[in-house]
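Every heavy atom of this structure was used, including side-chain atoms; hydrogens, water molecules and symmetry mates were not. Here is the naming used below: chain letters follow the sequence lines, and residue numbers restart at 1 for every chain.
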2 protein chains.
Amino acid sequence: MAQDETVWVDDLLAGLDRTGPVPLYFQVSSTLEEAIRSGKLPAGARLENEIALGQRLGLSRPTIRRAIQELVDKGLLVRRRGIGTQVVQGGQVTRQVELTSLYEDLKGSHHEPSTTVLEHDVRPADETTASALGLPPGSDIVYLRRQRSTDKVPVAVLVNYLPMDFADITTQQLEERGLYQIMRNRGVTIRIANQKIGARRAEDDEAELLDLEPGGPVLTMERVAFDASGRAVEFGHHCYRPDMYSFETTLVAK
Amino acid sequence: MAQDETVWVDDLLAGLDRTGPVPLYFQVSSTLEEAIRSGKLPAGARLENEIALGQRLGLSRPTIRRAIQELVDKGLLVRRRGIGTQVVQGGQVTRQVELTSLYEDLKGSHHEPSTTVLEHDVRPADETTASALGLPPGSDIVYLRRQRSTDKVPVAVLVNYLPMDFADITTQQLEERGLYQIMRNRGVTIRIANQKIGARRAEDDEAELLDLEPGGPVLTMERVAFDASGRAVEFGHHCYRPDMYSFETTLVAK
DNA sequence: GAGTGGTCTAGACCACAAC
DNA sequence: TTGTGGTCTAGACCACTCA
């Protein structure tokens with residue numbers, strides 16, 4: 001077991017790049033993460049202590065600590081004072097709920113997502129929407145209603161409200177990419193999002209769009225997203241076919 | 001605006017306690033958090049830069065950085081290189097989904113939670129449960145089914161499976177406290193949990209217990225929780241009345 | 001007592017944004 | 001050019017766990 005650790009630590013040492021733009025702590029943490037997910041570092045394996053690890057890699061202790069902390073936050077490692085650092089037990093290596101769109105989620109899981117734009121226009125915001133986006137009531141906003149499918153099976157009905165900066169997004173763009181990717185290409189990066197997940201009965205048109213029995217259950221998500229400057233750039237409320245989609249999270253106590 | 005900052009920064013300086021067990025970065029971050037949530041630091045307000053803040057408080061830059069980072073992770077502050085640190089815009093100061101039980105959630109929101117234990121026995125684990133808890137198939141486990149209400153309105157039906165360490169928990173204890181609190185009192189602290197949130201139709205007995213129409217929608221959560229050593233200490237699948245409960249999260253891009 | 005992680009310091013250089 | 005946060009170093013002392 002100690003053997004395994006030594007092996008990949010040497011790999012890691014060989015792979016460190018001090019000239020490139022990638023932070024050292026990130027190089028260490030991502031190599032470690034790969035080793036854990038691949039099983040090279042099995043569940044329960046103990047890491048060397050932080051000082052020794054640092055010396056072996058030619059890094060300072062704070063840098064090593066930061067790398068380890070990243071993985072603790074992801075729920076892959078557990079640290080205990082006086083004991084050491086261990087790989088978490090069990091098969092509980094789920095990926096975090098990322099700040100990505102459904103489109104990227106589906107694409108990442110080897111499915112072929114497709115989008116049908118149902119509605120796409122400019123209209124005055126109602127009170128809820130204006131408040132969520134931090135705009136004066138009645139301001140114009142971009143309204144968007146899409147049906148998202150994977151492998152030709154409908155998964156979700158997505159309703160979004162966007163500030164007028166995005167009025168020139170075309171319907172074609174929306175059918176080819178995820179909303180967040182379109183935004184990123186325009187220099188807008190989502191930084192913070194508040195989500196609320198719930199359930200309710202499907203409306204009649206939703207049931208039809210999702211190929212569900214009328215009044216059947218749907219999973220719902222409401223989200224307000226903010227860019228780096230803290231400006232609200234998206235408000236949406238979506239509903240999902242519960243047999244096709246669910247939300248997975250890893251929580252780590254602080 | 002610069003006035004406000006100066007004022008509370010001085011308060012903070014006065015309040016720092018270097019003798020006690022509370023880390024300095026935590027004292028700083030929690031004071032800052034209080035100032036933001038109370039509105040003393042309004043949305044959009046810019047903080048002093050990290051060096052100046054450190055000098056004024058008599059702290060090193062890494063300590064200040066750590067304090068600020070805590071609030072960035074909570075979605076209360078936004079940092080931009082070359083620009084500075086600002087309080088996030090809008091009213092989006094939701095609290096994180098904490099690693100707490102429903103009981104504590106409800107109690108924290110000024111309601112009076114109550115619990116009815118419906119079933120409580122020891123039985124062999126089925127395959128799914130044994131695998132989730134990392135036990136050999138057929139091992140004995142503690143089975144638990146509870147109805148949770150708030151202000152006498154039913155909110156959830158909770159089904160839990162626990163390792164045999166917890167076989168001596170009494171039904172009375174379960175009706176008086178949350179499960180996590182009982183575990184904590186026995187020296188077991190939840191450190192990591194994997195959750196999956198979804199929706200489905202209510203079963204007939206669930207509909208009755210939750211006072212719902214038969215076949216109506218319920219919000220579901222499945223969770224496996226691990227203690228500090230990485231051992232699985234709880235597996236559960238719960239269902240919630242969607243008009244009484246939902247899950248709120250703040251996501252922060254890394 | 002020996003070993004571990006938890007905290008803290010006092011510097012340094014860099015990349016990026018704004019003027 | 002100036003100011004900001006992002007990264008990194010090389011130490012230090014402490015609290016906790018275990019033998």
S.K.: Nearest whole Å is fine: how far is D:dT9 C1' from A:Ile51 CD1?
M.R.: 13 Å
S.K.: Below the 4.0 Å mark, does C:dT9 have OP1 or OP2 next to a side-chain nitrogen or oxygen of B:Arg18?
M.R.: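 True: B:Arg18 side-chain N/O within range (under 4.0 Å) of C:dT9 OP1/OP2.
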S.K.: Is the distance from OP1 or OP2 of D:dG6 to the nearest side-chain N or O of B:Arg65 less than 4.0 Å?
M.R.: yes
S.K.: With no hydrogens and no angle check, is any side-chain donor or acceptor of A:Arg186 less than 3.5 Å from a backbone partner on A:Asp165?
M.R.: yes
S.K.: Check residues 58-65 of chain B and write down every donor-acceptor pair under 3.5 Å in which the side-chain atom is one partner and the other belongs to a residue at least two apart or another chain.
M.R.:
| from | atom 1 | to | atom 2 | distance (Å) |
| --- | --- | --- | --- | --- |
| B:Ser60 | OG | B:Thr63 | OG1 | 3.2 |
| B:Arg61 | NE | B:Glu50 | OE1 | 2.9 |
| B:Arg61 | NH2 | B:Glu50 | OE1 | 3.0 |
| B:Arg65 | NH1 | B:Glu50 | OE1 | 3.3 |
| B:Arg65 | NH1 | B:Glu50 | OE2 | 3.1 |

S.K.: With DNA chain D as reference, determine whether A:Thr63 or B:Ile83 sits nearer its 5' end, using the nearest nucleotide of each.
M.R.: B:Ile83
S.K.: At less than 4.0 Å, is any side-chain N or O atom of B:Thr85 found next to OP1 or OP2 of D:dG5? Yes or no.
M.R.: yes
S.K.: So, OP1 or OP2 of D:dC8: does either fall under 4.0 Å of a side-chain N or O from A:Tyr25?
M.R.: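 No, no such contact exists.
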S.K.: Report the distance from atom CZ of B:Arg46 to atom C1' of C:dA17, rounded to the nearest whole Å.
M.R.: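 My rounded result for the distance is 12 Å.
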S.K.: Treating A:Gln195 as the side-chain partner and A:Arg223 as the backbone partner, does any N or O pair qualify as donor plus acceptor under 3.5 Å?
M.R.: no
S.K.: Is a donor from one side chain sitting under 3.5 angstrom from an acceptor on the other, for B:Glu234 and B:Asn160?
M.R.: yes
S.K.: To the nearest Å, give me how far apart CD (B:Gln86) and P (D:dG5) are.
M.R.: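 These atoms are roughly 11 Å apart.
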S.K.: For C:dG3, take OP1 and OP2 only and decide whether either is under 4.0 Å from a side-chain N or O of A:Asn49.
M.R.: no
S.K.: Separation of B:Leu53 atom CG from D:dT4 atom P, in whole Å?
M.R.: 11 Å
S.K.: Touch check for B:Arg80, heavy atoms < 4.0 angstrom, all strands: base, sugar-phosphate only, or nothing?
M.R.: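 Sugar-phosphate, backbone atoms only, no base.
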S.K.: Would you mind reading off the distance between B:Leu16 atom CG and C:dT7 atom P, rounded to a whole angstrom?
M.R.: 16 Å
S.K.: Could you pull out every donor-acceptor pair under 3.5 Å between side chains of residues 133-144 of chain B and any protein atom, sequence neighbours left out?
M.R.:
| from | atom 1 | to | atom 2 | distance (Å) |
| --- | --- | --- | --- | --- |
| B:Ser139 | OG | B:Pro136 | O | 2.4 |

S.K.: Applying a 4.0 Å non-hydrogen cut-off, can you work out what A:Arg66 is touching in the nucleic acid: base, sugar-phosphate, or nothing?
M.R.: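 Counting heavy atoms under 4.0 Å across all strands, the contact made by A:Arg66 is with sugar-phosphate only.
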S.K.: Which atom pairs link the protein and nucleotides 10-14 of chain D when you take only N or O atoms and keep those under 3.5 Å?
M.R.:
| from | atom 1 | to | atom 2 | distance (Å) |
| --- | --- | --- | --- | --- |
| D:dA12 | N6 | A:Arg61 | NH1 | 3.2 |

S.K.: Can you tell me if A:Arg177 has over 12 outside heavy atoms packed within less than 6.0 Å of its CZ?
M.R.: no
S.K.: Roughly how many Å is it from CZ in A:Arg79 to P in D:dA15, rounded to a whole number?
M.R.: 19 Å
S.K.: Taking atom P of D:dT4 as reference, at what distance in whole Å does atom CG of B:Leu77 sit?
M.R.: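 Between P of D:dT4 and CG of B:Leu77: 16 Å.
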S.K.: For A:Leu24 and for B:Ile68, locate the closest nucleotide of DNA chain D by heavy-atom distance; then report the residue assigned to the nucleotide nearer the 5' terminus.
M.R.: B:Ile68
S.K.: Calculate the interatomic distance between B:Glu70 atom CD and C:dT7 atom C1'; express it in whole Å.
M.R.: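 So the two atoms are 13 Å apart, to the nearest Å.
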S.K.: Going by the angle between their ring planes, with limits at 30° and 60°, are B:His237 and B:Tyr161 parallel, tilted or perpendicular?
M.R.: tilted
